[in-house]
Amino acid sequence: MADSSAQRAESHYFTHEPPPKDLKTNTTLARAFITRHADEGRRVVLVTSGGTTVPLEQQTVRYIDNFSAGTRGATSAEYFLQNGYAVIFLHRQFSLLPYSRHYSHNTRSFLDYMKEENGQVVVDQQHQDQMLRVLRQYTEVKRENRLLILSYVTITEYLWNLREVAQLMRPLGPKAMFYLAAAVSDFFVPQDRMVEHKIQSNEEFLQGAGASGGGNTKPPAARTEGKRLVIDLEPVPKFLKQLVDGWAPEAIIVSFKLETDPSLLVKKAEYSLKKYSHHLVIGNLLATRKWEVVFVSALDGEKWIRVPTNRRTKSFSGMPSLVGSADQLTKKDIEADDSI
Ligand code: PMT
C-alpha cells in the first residue's frame with residue numbers, strides 16, 4: 001500500500017485538477033486495446049514520451065515546458081513492437097511518433113523523399129530500401145492493431161491519462177510494463193491559482209489580483225508585480241510512488257532520470273530506485289543522451305550502454321533491448337535511428 005501522505009497528495013491533486021476532455025474517449029480506447037491483447041496473451045507496455053507543459057493561464061498563451069522531442073519514446077516503442085509487445089504510446093501532442101519519426105521533425109521535408117514519375121508521386125530510389133523496411137514494420141503493426149496512440153499536452157492531462165491507463169493495466173499483473181520516457185514537470189500552477197486571461201505586462205491593463213478559482217484568496221501563482229513577472233509554482237506529487245504501490249503494483253516499471261550534471265546522474269538514479277523500489281532506472285545526461293545511457297537496477301547494479309565513438313555520426317536514442325551492452329548494438333540498430 002502507498003503511504004498515506006502520497007495517497008493524500010494524489011487525492012488532493014485529482015480532486016482539484018480537472019480531467020482532460022478526451023479522457024473518457026482515451027479510456028474507452030485503452031480498455032478495448034488492453035482487453036484484446038490480454039485475451040491474446042500479449043504483453044502490453046505503456047510508453048510515455050515527450051515533455052509535459054505547465055500552463056500559466058487558463059486560456060493559455062504562456063506555459064513552461066520540459067525538454068523532450070520524443071525521440072527516446074518513439075524509438076523505444078518501435079523496439080517494443082518489434083519484440084511482440086502491444087504498445088500504448090502516450091505522447092505529447094505533435095512530438096515524434098513511432099515509424100513516422102523517420103520522416104518528420106527533420107531539416108528535410110518529407111517531400112524530399114518523393115519524386116514525380118510519369119505523373120505519379122513515387123519514393124526516390126535512394127530512400128526505397130529504408131522506407132520499405134519502415135513501411136513493412138508499420139503495416140504489420142497496424143494489421144495486428146498493436147499500437148494505440150494517445151496524446152497529452154499539459155502535466156495534468158498526462159497524469160490523468162497515466163493513472164487511468166495504469167489502473168486498466170493492473171489486471172495484467174507482470175505482463176504489464178510502464179516505460180516512462182516522458183519528461184515530466186516537477187512543478188505546476190494549480191487550477192485554483194491560475195488566472196483565466198493572458199497575464200498583462202502593461203501596468204495600465206493589469207487585472208485584479210485574484211486567481212479565477214471561486215472565492216480563492218491566494219494570489220495567482222503567475223502574476224505581474226510592477227513590471228516583473230513572478231512565478232510561484234507548487235510541487236507536482238511524485239506519482240511514481242503511487243504507480244508502484246497503488247495503481248499497478250505487479251507491473252514491470254522502468255523510469256528515466258534526466259540530469260545535466262554528470263556527478264549527480266548515478267546517485268540520483270540509485271536514489272530513485274531505492275525510494276520507489278521499482279525495476280529499472282535508465283539514466284541519461286542531456287548532452288550525451290543520444291549515445292550513452294546508464295541502467296541502474298537492484299539486479300545488475302550500474303551498467304552503461306554506449307554507442308562506439310566511430311558510430312556516433314547518426315543519432316542513437318533507443319535501446320535494442322532493456323538489457324545489453326554497446327557490443328550488442330548492430331550497425332543496423334544505430335542506422336535505423338536516423339531521425340534527428
Ligand atoms: O525525447 P528525447 O528528446 O529523446 O529525450 C529523452 C529524455 C531525455 C526526455 C528521456 O530519456 C528522459 O530522461 N526522460 C525522463 C525525464 C524526466 O522526467 O526526468 P526527471 O528526473 O524529471 O524525473 C525522473 C522520474 O521521476 C520520471 O521518470 C518520472 O516518472 C518521475 N516523476 C517525475 C515528476 C513527478 N512529478 N513525479 C514523478 O514520479
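Both counts, for ligands and for their atoms, begin at 1 and track the order of listing.
Of all the atoms in ligand 1, the ones that sit under 4.0 Å from a non-hydrogen atom of Ala181 are 9 (C), 10 (C), 12 (C), 14 (N), 15 (C). Every atom of ligand 1 is numbered from 1 in the order shown, and the set under 4.0 Å from a heavy atom of Asp186 is 22 (O), 33 (C), 34 (C), 35 (C), 36 (N). Within ligand 1, counting atoms from 1 as listed, the ones closer than 4.0 Å to a heavy atom of Ser255 are 28 (O). If you number the atoms of ligand 1 from 1 as listed, the ones under 4.0 Å from a heavy atom of Val236 come out as 36 (N). Numbered from 1 in the order shown, with element, the atoms of ligand 1 that lie under 4.0 Å from a heavy atom of Gly70 read 1 (O), 2 (P), 3 (O).
Assignment of Ser185 to the shell around ligand 1 is supported, since a heavy atom sits closer than 4.0 Å. Within the structure, the closest approach of Pro237 to ligand 1 falls below 4.0 Å when heavy atoms are considered. Judged by the shortest distance from any of its heavy atoms, Phe67 lies inside the 4.0 Å radius around the atoms of ligand 1.
Checking Val184, Ile155, Thr71 against atom 18 (O) of ligand 1, the nearest heavy atom belongs to Val184. In this structure, of Leu240, Val293, Asn284, the residue bringing a heavy atom nearest to atom 39 (O) of ligand 1 is Leu240.
Distances between N or O atoms of Arg72 and those of ligand 1 include at least one value under 3.5 Å.
Of the heavy atoms in Arg289, only side-chain atoms (C-beta onward) come closer than 4.0 Å to ligand 1. Under 4.0 angstrom from ligand 1, the non-hydrogen atoms of Ala69 come from both its backbone and its side chain. Only backbone heavy atoms of Ala182 (N, CA, C or O) come within less than 4.0 Å of ligand 1; its side chain stays farther off.
Using a 4.0 Å cut-off between charged side-chain N and carboxylate O, Glu225 and Arg223 make a salt bridge. Between Arg170 and Glu250 there is no salt bridge, since no side-chain nitrogen of the basic residue lies less than 4.0 Å from a carboxylate oxygen of the acidic one.
The minimum heavy-atom distance linking Ser272 with Val281 is given by the pair OG-CG2, 4.0 Å. Residues Leu168 and Ala30 come closest through the heavy atom pair CD1-CB, 3.9 Å. Taking each heavy atom of Arg146 and Glu144 in turn, the nearest pair found is NE-OE1, 2.6 Å.
By the salt bridge (charged side-chain N to carboxylate O under 4.0 Å, His left out) test, Lys115 is found to be paired with Glu117, residues two or more places apart in sequence or in another chain being considered.
Ring geometry for His127 against Tyr113 counts as tilted: the plane angle lies between 30° and 60°, on a 0 to 90° scale.
A side-chain donor-acceptor contact under 3.5 Å links Gln59 and Glu196.
Outside the 6.0 Å centre-distance limit, the rings of Tyr85 and Tyr79 are not counted as a close aromatic pair.
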